[in-house]
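To start, the structure under review is shown below, and the notes come after it.
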Amino acid sequence: MNPFLATIRAKIEQEQRITDAEALQLFEADDLLAIGELADLANRKKNGARVFFNVNRHINYTNVCVNHCRFCAFCKEGNEPDAYTYNLSQVLEKAAEATAAGATELHMVGGLHPELPFEFYLRLMATIKANNPAIKIKAFTAVEIDYFSRISELTVEEVISELKRLGLDSTPGGGAEIFAPEIRQQICPEKISAARWLEVTEKIHAAGLKSNATMLFGHIENYIHRVDHLSKLRELQDRSGGFQAFIPLAFQTENSNIKVAHGPDGIDCLKTLAISRIYLDNFQHIKAYWVMLGLKISQVALHFGVNDLDGTVVEEKIGHNAGADSPQALDKEEIIRQIRSAGRTPVERDTLYQDLHVY
Ligand code: V47
């Protein structure tokens, strides 16, 4: 092993942090297998052979959005023919299907709709919980929480507290994209700034809710921007401890207004997952979101520092509208098979990473 990688190994073994410069050097290194082995070492120290998944269902209640992010193939203007907004009974029908299928979590996010009032989301939350008392709701990113505060004239703290009172259990990690302003300005100029995303997320954590964090990679950013992104997340996690999982999202190019020849390839995806694991020493979970990565890369990623395969998903629109060629849904049995065939132990979890069943 070359001296640089030997230094990184020693740091992992002694549970010391790697620096931003070292993370950048890892991104620039060619030895994918050595990086993967180091990430595997870091992951095994934290999680052993256990790999988490959950039985969940996504519900995207509207695709109408005022933000017009350039990477996004999901969001529409309200007058476009394929714009939609589910009413309460449509959402309840999907939640009931999820409960009947054994789901323990709803992952619920949507566009920033210009007309729906905050009361719509409160009613959504309260009614879903009343009809599906056992299900956990992971909903509304920091971007949506900020928006709800603006449309309701409540503070962010009040918005979070109302949603929590009605049953919000955790929040997903979307909307982080890439924090560096020179890239963020180009890919999502109308979205809240990185500083605001981090501030709202810190308030979510301060209210006692856990959240996730994502990074959209493989478009116009470079390695420096990825390291900057990871560094802001590591810093916030040091202060709040509220992040559960980090989820690098591989950019899907179709129907997007970011014109690049291709998204990240398999090597880039594995490297990014592995370096995330090594760098984010204060994150317990690194998730391979198979919808964007594809199932095969996600399975191999279990040897590159990943300990979470997300879930059954059931109905996915954000990645598939942008050309993701993964399936719409996975059976629990298929997820278990994938994990076992990677030589790891499948653990079905709930939203807060409590074991539900070890297979
Ligand atoms: O914020 C949008 C991304 C995110 C594209 O927290 C795209 O457990 C790739 O955050 N190519 C939403 N990505 C999805 C998300 C998520 C998914 C799974 C689990 C969790 C979790 C969170 O999807 C958006 C944006 O970053 N996105 N368009 C695209 N063309």
Side-chain angles (χ1 to χ4, degrees), residues 52-54 56-60 63 65 67-76 104-112 136-147 169-179 183-184 187-188 191-192 194 197 201 204 209-221 229 233 242-260 262-264 268-269 272 283 285-294 298 306 308-326 330 349-353:
F52 286 111
F53 70 96
N54 73 355
N56 65 352
R57 171 165 185 153
H58 285 216
I59 301 180
N60 302 124
N63 63 354
C65 188
N67 253 354
H68 313 110
C69 298
R70 293 188 56 225
F71 52 77
C72 187
F74 168 70
C75 289
K76 305 287 171 215
T104 59
E105 175 188 280
L106 293 180
H107 176 146
M108 209 165 60
V109 291
L112 306 184
K136 295 274 194 281
I137 304 183
K138 177 181 73 176
F140 312 131
T141 67
V143 174
E144 290 154 282
I145 304 265
D146 169 80
Y147 187 66
D169 292 290
S170 75
T171 70
E177 321 311 355
I178 283 283
F179 291 144
I183 300 298
R184 199 171 183 85
I187 64 172
C188 50
K191 186 165 256 170
I192 55 169
W197 189 95
T201 299
I204 293 169
L209 289 172
K210 298 288 185 193
S211 81
N212 293 330
T214 57
M215 172 175 76
L216 180 65
F217 73 99
H219 41 89
I220 58 166
E221 89 295 359
H229 193 93
L233 292 175
F243 287 118
Q244 299 196 115
F246 177 63
I247 311 153
L249 297 169
F251 178 52
Q252 311 294 308
T253 56
E254 273 178 38
N255 308 314
S256 150
N257 282 324
I258 297 181
K259 300 300 173 202
V260 289
H262 53 78
D268 195 11
C269 290
T272 303
F283 276 64
H285 310 292
I286 303 292
K287 185 190 277 191
Y289 184 45
W290 55 264
V291 168
M292 308 290 189
L293 292 165
S298 300
V306 164
D308 186 350
L309 267 194
D310 199 77
T312 47
V313 176
V314 179
E315 186 182 352
E316 202 287 326
K317 297 180 192 295
I318 299 172
H320 287 94
N321 284 7
D325 59 6
S326 50
L330 283 182
R349 64 166 175 88
D350 72 5
T351 299
L352 299 175
Y353 287 83

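We count ligands from 1, going down the list as the structure has it; atoms in each ligand are counted the same way.
- Under 4.0 Å from ligand 1, not a single heavy atom of V109 appears.
- By the 3.5 Å distance cut-off applied to N or O atoms, G173 is counted among the residues near ligand 1.
- At under 3.5 Å, a nitrogen or oxygen of K138, whether backbone or side chain, sits near a nitrogen or oxygen of ligand 1.
- Counting heavy atoms under 4.0 Å from ligand 1, residue D310 touches it through the side chain alone.
- Taken from CG in L106 to OG1 in T351, the straight-line distance is 8.5 Å, to the nearest 0.5 Å.
- Considering only heavy atoms from C-beta on, S256 comes within 4.5 Å of F251 through its side chain.
- In terms of polar-atom proximity, K191 is not counted as a contact of ligand 1, lacking any N or O under 3.5 Å from an N or O of the ligand.
- With H219, H285, H107 as candidates, the residue nearest to atom 19 (C) of ligand 1 on a non-hydrogen basis is H107.
- In terms of protein heavy-atom proximity, atom 7 (C) of ligand 1 is nearest to L216 CD1, 3.7 Å.
- With a 4.0 Å cut-off on non-hydrogen atoms, P172 touches ligand 1 through its backbone as well as its side chain.
- For ligand 1 and G174, the ligand atoms under 4.0 Å from any heavy atom of the residue are 1 (O), 10 (O).
- Between the side chain of S326 and the backbone N or O of G294 there is no donor-acceptor pair closer than 3.5 Å.
- Counting only distance, with no hydrogens or angles, the side chain of E221 and the backbone of G218 share a donor-acceptor pair below 3.5 Å.
- When only interatomic distances are considered, the shortest N/O to N/O separation between F251 and ligand 1 does not fall below 3.5 Å.
- The heavy atom nearest to atom 14 (C) of ligand 1, considering only N56, L249, N60, is found in L249.
- Considering backbone and side-chain atoms alike, Y289 places every N or O at 3.5 Å or more from each N or O of ligand 1.
- Using a 4.0 Å cut-off between heavy atoms, A250 contacts ligand 1 through its backbone alone, with no side-chain atom that close.
- Ring-plane geometry between Y353 and F52 is classed as perpendicular, the angle between the planes exceeding 60 degrees on a 0 to 90 degree scale with a lower cut at 30.
- N255 contributes a side-chain N or O that, together with a main-chain N or O of N321, makes up a donor-acceptor pair within less than 3.5 Å.
- Not a single N or O atom of H58, backbone or side chain, sits closer than 3.5 Å to an N or O atom of ligand 1.
- What you find for A142 and T201 is that their closest heavy atoms are CB-OG1, 3.6 Å.
- Considering only residues two or more places apart in sequence or on other chains, K191 meets the side-chain contact (heavy atoms from CB on, under 4.5 Å) condition with N67, C69, F71, V143, E177, R184, C188.
- Summary of contacts: the protein heavy atom closest to atom 26 (O) of ligand 1 is E177 OE1, 2.4 Å.
- Between G175 and ligand 1, at least one N/O pair is under 3.5 Å apart.
- A search for side-chain hydrogen bond (donor to acceptor under 3.5 Å, both in side chains) contacts involving D169 returns K129, not counting sequence neighbours.
- Each of Q244, H107, H58 was evaluated against K138; a single residue qualifies, H107, per the side chain to side chain donor-acceptor pair (under 3.5 Å) test.
- Set against the non-hydrogen atoms of I247, the atoms of ligand 1 under 4.0 Å away are 6 (O), 8 (O), 20 (C), 21 (C).
- Although no hydrogens or angles enter the test, the distance criterion places no donor-acceptor pair under 3.5 Å between the side chain of E315 and the main chain of V313.
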